[in-house]
Amino acid sequence: TVKDSQGNITKVVLVEASGAAVEVYLYGATITSWKAKGKERLFLSKQAILDGSKAIRGGIPIVFPQFGLGKLVQHGFARTSNWQLLGYKDQIDGAKAMFLLTENEHSLSMWPHKFRAVYTIRLDSDTLNLSLSITNTNTSAAGSFDFTTLLHTYFLTPSISEVAVHNLAGLSYTDKVAKLDNVVEKNDPVSLASNVDRVYHNAPEKINIDISKHEAVLLTKTNFKDIVLWNPWAELAKGMADFGDDEYKQMVCVETGTVGSPISLAPGQTWEGHTSIVLQ
Ligand code: TA6
């Protein structure tokens with residue numbers, strides 16, 4: 001654990017027996033690095049702001065309780081909240097860390113609900129397993145709430161031109177660039193050669209991603225319905241203070257979330273979603 005001058009933990013470095021490692025900022029419970037088989041697998045902007053004043057540009061920000069624009073701040077407050085470290089273990093069969101976020105003055109000022117979010121990271125030699133559970137801890141019967149949620153994963157690639165995302169053909173997607181709904185994906189695999197910002201609805205549990213000519217990952221999801229595919233490309237990159245003008249060439253966001261339609265929880269109910277990234 002890394003502490004600040006007041007002795008508060010700001011970052012956890014989790015190392016697994018094979019040498020695989022993740023770095024997690026308690027700010028947003030944001031994974032900022034995942035090294036496996038000796039290589040960094042996630043993109044983190046060289047201009048990412050890491051002092052807690054803005055969501056971290058890269059790694060795996062947690063989007064909760066709102067994906068995108070809406071009543072709350074863009075992508076909700078989870079990624080800009082200080083989570084608590086519940087505990088961590090370097091286990092023989094994998095290293096594990098758990099983080100907690102509950103309602104607080106900041107969240108209640110935007111979203112009048114009591115909740116408990118528990119984020120579990122489990123690391124094996126070639127796999128990163130992520131679980132997010134959300135419990136409605138409101139007491140009154142009227143205390144149901146809806147939310148959308150997503151793991152905003154930035155994959156590192158040597159070149160965006162080598163990226164190919166499989167298993168999306170035939171899906172209906174919302175194209176946020178063309179501002180079109182119900183577009184049917186005809187390509188298999190999908191490659192990116194311009195600004196892409198799409199929500200693929202009801203995507204399969206297994207998505208094969210060619211990261212480059214020589215590397216691939218298998219992204220699996222349970223209880224996350226949708227896949228978001230995003231690359232800002234050159235124009236939008238220029239307008240992002242925490243993102244280098246050319247960094248769009250080294251990243252692709254392939255995100256697992258339930259964003260098309262909200263999840264509803266009555267008091268006492270829990271939703272849990274899982275995502276794993278396996279090196280191929
Ligand atoms: O990943 C999809 C998306 O919703 C894009 O529309 C883009 O806004 C991106 O998230 C990044 O959002 P941010 O608030 O982190 O700049």
Side-chain angles (χ1 to χ4, degrees), residues 25 27-32 42-81 106-107 110-111 130 132 147-157 160 163 165 168 171-181 183 185 190-201 203 207 209 219 221 224-262 273 275 277:
Y25 276 76
Y27 181 71
T30 312
I31 292 175
T32 49
L42 298 178
F43 167 86
L44 180 68
S45 173
K46 290 182 183 50
Q47 296 167 198
I49 295 167
L50 299 171
D51 64 4
S53 62
K54 181 182 192 300
I56 295 173
R57 178 66 63 196
I60 308 180
I62 298 172
V63 170
F64 171 81
Q66 172 192 291
F67 173 73
L69 292 168
K71 279 198 332 285
L72 308 181
V73 62
Q74 159 121 317
H75 289 335
F77 48 72
R79 65 176 184 166
T80 52
S81 296
H106 177 58
S107 71
M110 290 183 255
W111 197 59
L130 307 171
L132 179 64
F147 65 96
T148 49
T149 186
L150 167 132
L151 299 177
H152 200 292
T153 306
Y154 287 72
F155 289 96
L156 179 65
T157 171
I160 183 66
V163 168
V165 185
L168 298 177
L171 294 180
S172 165
Y173 67 87
T174 299
D175 185 331
K176 290 166 70 176
V177 175
K179 296 190 179 17
L180 288 173
D181 235 334
V183 185
E185 183 55 72
V190 174
S191 54
L192 296 87
S194 62
N195 173 210
V196 170
D197 192 351
R198 299 174 190 158
V199 178
Y200 287 89
H201 302 285
I207 302 286
I209 307 171
L219 177 68
K221 60 185 181 66
F224 283 118
K225 281 168 58 182
D226 311 315
I227 288 287
V228 173
L229 183 60
W230 178 60
N231 186 298
W233 221 256
E235 259 338 282
L236 291 181
K238 285 200 188 74
M240 293 159 68
D242 59 350
F243 190 84
D245 290 358
D246 282 348
E247 286 190 313
Y248 71 92
K249 297 172 183 167
Q250 282 98 35
M251 53 69 71
V252 62
C253 281
V254 187
E255 311 156 24
T256 49
T258 294
V259 301
S261 51
T275 287
I277 309 168

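Both ligands and their constituent atoms are indexed starting at 1 by order of listing. FYI, side chains are in, hydrogens and waters are out, and symmetry mates aren't considered; it's all heavy atoms of this structure. None of these values were measured; they are calculated from a predicted model.
Between S261 and K225, some side-chain heavy-atom pair lies under the 4.5 Å cut-off.
A perpendicular orientation is assigned to the rings of F77 and H106, their planes being inclined by more than 60° (bins at 30° and 60°).
Atoms of ligand 1 lying under 4.0 Å from any heavy atom of R79, numbered from 1 in the order shown and given with element: 13 (P), 14 (O), 15 (O). Near D197, with a cut-off below 4.0 Å to any heavy atom, the atoms of ligand 1 are 2 (C), 5 (C), 6 (O).
Of the protein's heavy atoms, Q74 NE2, 3.3 Å lies nearest to atom 8 (O) of ligand 1. Ranking the protein heavy atoms by distance from atom 3 (C) of ligand 1 puts H75 NE2, 3.8 Å first.
Residue contacts with ligand 1: M240 is excluded, as none of its non-hydrogen atoms falls under 4.0 Å.
The six-membered or imidazole ring of F67 lies near that of H75, with a centre-to-centre distance under 6.0 Å.
Rounding to the nearest 0.5 angstrom, the gap separating the OG1 atom in T153 from the CD1 atom in I31 is 8.0 Å.
The pair E185-R198 counts as a salt bridge, with a side-chain nitrogen and a carboxylate oxygen less than 4.0 angstrom apart.
Of the candidates K176, R57, R198, H152, R57 brings a heavy atom nearest to atom 13 (P) of ligand 1.
Using modelled atom types, no side-chain atom of D197 and backbone atom of K176 make a donor-acceptor pair closer than 3.5 Å.
Any N or O atom pair closer than 3.5 Å counts here, and W230 shares no such pair with ligand 1.
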